[in-house]
Amino acid sequence: MNVYDSARMADVLAPLGYAPTDNPADADMVILNTCHIREKAAEKVYSELGRLRPLKSAKEAEGGRMVIAVAGCVAQAEGAEVLRRAPHVDIVLGPQTYHRLPEMVARAHRAAVLSDAGGKIDDPSLRGVLDTDFPVESKFDHLPEAAAPQGISAFLSVQEGCDKFCTFCVVPYTRGAEFSRSVAEIEAEARRLVAAGAREITLLGQNVNAYHGAAPRTASGPGGGASAEWGLGRLIRHLAEIDGLLRIRYTTSHPRDMDDELIDAHGEVPALMPFLHLPVQSGSDRVLAAMNRRHKVDDYRRIVDRLRERRPDLALSSDFIVGFPGESDEDFAATLRLVAEVGYAQAFSFKYSPRPGTPAAAMPGQVPEPVKAERLDALQELLRRQQAAFNEATRGRTLPVLFERRGRYPGQLVGRSPYMQAVHVAAPDELLGAVAEVAIDSVHTNSLGGTMLTRTGTASDPQAPDTRDTEEERIPI
């Protein structure tokens with residue numbers, strides 16, 4: 001979500017003359033787009049602000065100016081505290097207000113000019129621009145239609161916010177209530193992304209499978225009547241009809257919102273990739289209840305079974321929290337049993353981190369850090385073994401790979417398997433944006449290597465077969 005938001009902030013700033021740079025020292029404006037889900041992530045923001053301060057001073061010493069902005073969920077949660085701890089910050093804005101960036105930049109420049117002239121800044125709003133309101137109108141209504149190309153793999157935000165209120169999570173407070181964009185708006189953006197070269201789109205949302213967007217005016221429901229809203233499954237089917245869109249993914253989902261329509265889509269829509277991120281957080285019903293997850297372990301198991309019944313080659317990733325308040329050794333053992341039973345191709349695991357203002361932060365039974373660390377090590381070791389086994393099982397298989405970029409070596413391309421694995425292949429540049437069948441012959445810690453067999457599409461015409469050669473083409477890696 002933050003990658004997508006950052007790209008849209010760049011779109012908003014482009015009419016002001018701003019363009020991206022990879023070197024902060026060269027920048028006239030630096031935006032830190034932040035996450036508040038873990039304490040460590042929030043503290044890294046202030047560490048990074050400390051590193052930016054001398055760069056800003058050096059810029060000013062040369063007669064230039066650097067605007068520093070903090071955006072995203074840390075900005076939303078801490079607001080004025082950011083300006084207090086880092087007074088060299090010019091702008092603090094929440095994730096729902098970045099469409100107002102041009103106005104904020106103008107106010108920041110006005111304050112800087114006044115300060116340079118020796119004027120006294122009596123207006124507190126000019127000492128640091130702070131905008132963390134939740135606007136009545138959606139930011140998507142005010143973002144520019146034209147967007148900079150994201151590349152062969154692109155993100156598209158379809159839903160924001162969350163109404164679940166898990167007791168450990170700040171998202172409902174920093175991102176607000178659930179909001180779904182209309183199908184027409186999403187389709188229009190998807191078509192623009194594909195026209196700009198995207199061949200894979202990942203649909204985004206804090207609770208993406210809770211999507212319930214306004215249907216197109218011409219849409220009809222299953223009984224032939226007007227359908228006011230579509231769920232994620234029907235949206236995916238609709239987007240899969242876009243010419244040139246080869247792959248669709250979505251993240252992040254919640255078990256409670258895996259409905260029949262979405263599960264069926266996994267078995268019936270070829271463009272929907274067989275890799276699903278489905279966070280469970282814990283394998284203990286007691287802990288899940290304390291987390292207010294509103295599902296039980298058996299509910300999760302049944303969803304996984306149904307998904308694998310519809311799509312037998314489906315691979316899963318998940319999120320896990322260890323050391324949640326009150327978690328016992330027995331509760332943690334239940335998590336290990338669930339992981340062993342389900343089997344994951346990939347997973348994200350964390351020690352519980354108390355977030356200010358969340359119910360869990362005040363719960364009794366806070367687990368000591370050494371116990372959290374021991375449990376996390378045990379869980380991650382099991383998850384590492386599963387990921388290694390999953391990757392090793394691809395050796396000798398033939399997988400369709402979407403090539404996204406050039407590799408480190410001449411004549412090498414890097415793509416993604418259906419399971420999000422990076423695959424390195426010796427292949428010509430003309431295959432960028434195309435899907436090719438690749439025989440996997442080497443497995444590394446974080447990637448796969450293989451030999452290209454056949455082409456199934458090109459960047460200019462992704463559906464067109466390669467008719468230049470009738471014999472199988474093999475390029476050794």
Side-chain angles (χ1 to χ4, degrees), residues 1 35 37-38 41 162 164 166-169 171 202-210 232 249-259 262-263 266 272-324 327 331-353 360 372 375-391 393 416-421 446:
M1 183 69 78
C35 174
I37 200 71
R38 309 276 176 226
C162 185
K164 297 291 189 291
C166 297
T167 56
F168 56 82
C169 187
V171 166
T202 300
L203 308 178
L204 300 176
Q206 271 82 33
N207 195 19
V208 67
N209 55 335
L232 185 63
R249 304 181 188 272
Y250 64 91
T251 195
T252 290
S253 54
H254 193 288
R256 280 186 59 86
D257 294 309
M258 290 300 301
D259 60 22
L262 182 55
I263 291 173
H266 277 277
L272 182 57
M273 291 294 96
F275 181 80
L276 173 62
H277 185 65
L278 188 62
V280 65
Q281 305 300 354
S282 174
S284 162
D285 282 342
R286 196 177 68 83
V287 173
L288 290 175
M291 290 178 168
N292 194 36
R293 290 289 289 173
R294 293 187 278 182
H295 66 82
K296 294 186 176 182
V297 177
D298 280 346
D299 298 328
Y300 186 84
R301 289 191 180 102
R302 282 192 290 269
I303 291 167
V304 170
D305 289 344
R306 291 177 61 203
L307 283 162
R308 285 176 167 164
E309 181 182 348
R310 300 296 282 124
R311 186 73 192 254
D313 62 338
L314 182 83
L316 290 169
S317 71
S318 192
D319 291 343
F320 295 92
I321 295 174
V322 302
F324 188 80
E327 182 188 63
D331 293 324
F332 177 65
T335 296
L336 294 179
R337 286 195 299 273
L338 179 66
V339 172
E341 177 185 338
V342 172
Y344 293 94
Q346 180 183 313
F348 301 95
S349 51
F350 309 91
K351 292 185 290 185
Y352 168 71
S353 174
K372 291 182 188 178
R375 290 175 182 173
L376 184 64
D377 287 344
L379 175 61
Q380 289 185 339
E381 176 57 29
L382 175 58
L383 291 169
R384 276 193 293 268
R385 292 200 304 269
Q386 289 190 345
Q387 182 173 359
F390 179 82
N391 289 340
R416 293 279 175 183
S417 77
Y419 306 106
M420 288 295 290
Q421 299 147 305
N446 297 308

Sorted by chain and number, sequence neighbours left out, ring-ring contact (aromatic ring centres under 6.0 Å, His included) with Phe168 holds for none
Partner set under side-chain contact (heavy atoms from CB on, under 4.5 Å) for Phe350, not counting sequence neighbours: Arg38, Phe348
Would you compute the distance between atom CE of Met273 and atom CZ of Arg416 and round it to the nearest 0.5 angstrom? 14.0 Å
Does Ser318 use its side chain to pair, donor to acceptor, with the backbone of Leu278 at less than 3.5 Å? yes
Aromatic plane relationship, Phe320 with Tyr344 - under 30° parallel, 30 to 60° tilted, over 60° perpendicular: perpendicular
Mind checking whether Tyr419 and Phe275 have ring centres under 6.0 Å apart? no
Give a yes or no answer on whether the side chain of Arg256 reaches the backbone of Arg294 with a donor-acceptor pair at less than 3.5 Å. yes
Measure the CD-SG distance between Gln281 and Cys166 for me, rounded to the nearest 0.5 Å. 7.0 Å
Is the shortest side-chain N to carboxylate O distance from Arg302 to Asp299 below 4.0 Å? yes
d(Cys169 SG, Gln206 CD) to nearest 0.5 Å is 8.5 Å
With heavy-atom distances below 4.5 Å as the criterion, would you say the side chains of Leu379 and Arg375 are in contact? no
Check step by step if salt bridge (Lys or Arg N to Asp or Glu O under 4.0 Å) holds for Asp313 and Arg311. CA-CA 6 Å; Asp313 62 338; Arg311 186 73 192 254; 2.6 Å; yes
Which atom pair, heavy atoms only, marks the closest approach of Cys162 to Val171? CB-CG1, 3.9 Å
Nearest-0.5 Å distance, CG of residue Asn207 to OG1 of residue Thr252: 9.0 Å
Salt bridge check, Arg384 against Glu381: does any charged N sit closer than 4.0 Å to a carboxylate O? yes
Side-chain donor-acceptor pair present, Ser253, Asn209, cut-off under 3.5 Å: no
Indicate the atoms forming the closest heavy-atom contact of Pro255 with Arg293, along with that distance. CD-NH2, 3.6 Å
Test your reading of the model: is there a side-chain donor-acceptor pair from Asp257 to the backbone of Val208, 3.5 Å cut-off? no
Inter-residue atom distance Ile263.CD1 - Ile303.CD1, 0.5 Å rounding: 6.0 Å
Closest heavy-atom contact between Val322 and Glu327? C-OE1, 3.8 Å
Salt-bridge criterion met for Asp298 and Arg301 (N-O under 4.0 Å): yes
Taking the side chain as everything from C-beta on, heavy atoms only, tell me whether Met258 gets closer than 4.5 Å to Leu276. yes
Return the minimal non-hydrogen interatomic distance between Ser284 and Asp331, and the atom names on each side. OG-OD1, 2.8 Å
Under a 4.5 Å cut-off applied to non-hydrogen side-chain atoms, are Leu288 and Tyr300 in contact? no
Examine distances only and state if a side-chain atom of Thr167 and a backbone atom of Ala290 form a donor-acceptor pair shorter than 3.5 Å. yes
Working to the nearest 0.5 Å, report the span between OG of Ser317 and CZ of Phe390. 10.5 Å
Over all atoms of both residues, closest heavy-atom pair of Ser282 and Leu338: O-CD2, 4.1 Å
Distance-only, no hydrogens or angles: does the Lys351 side chain make a donor-acceptor pair with backbone N or O of Leu376 under 3.5 Å? no
With a 4.5 Å limit on heavy-atom distance, are the side chains of His277 and Arg249 in contact? no
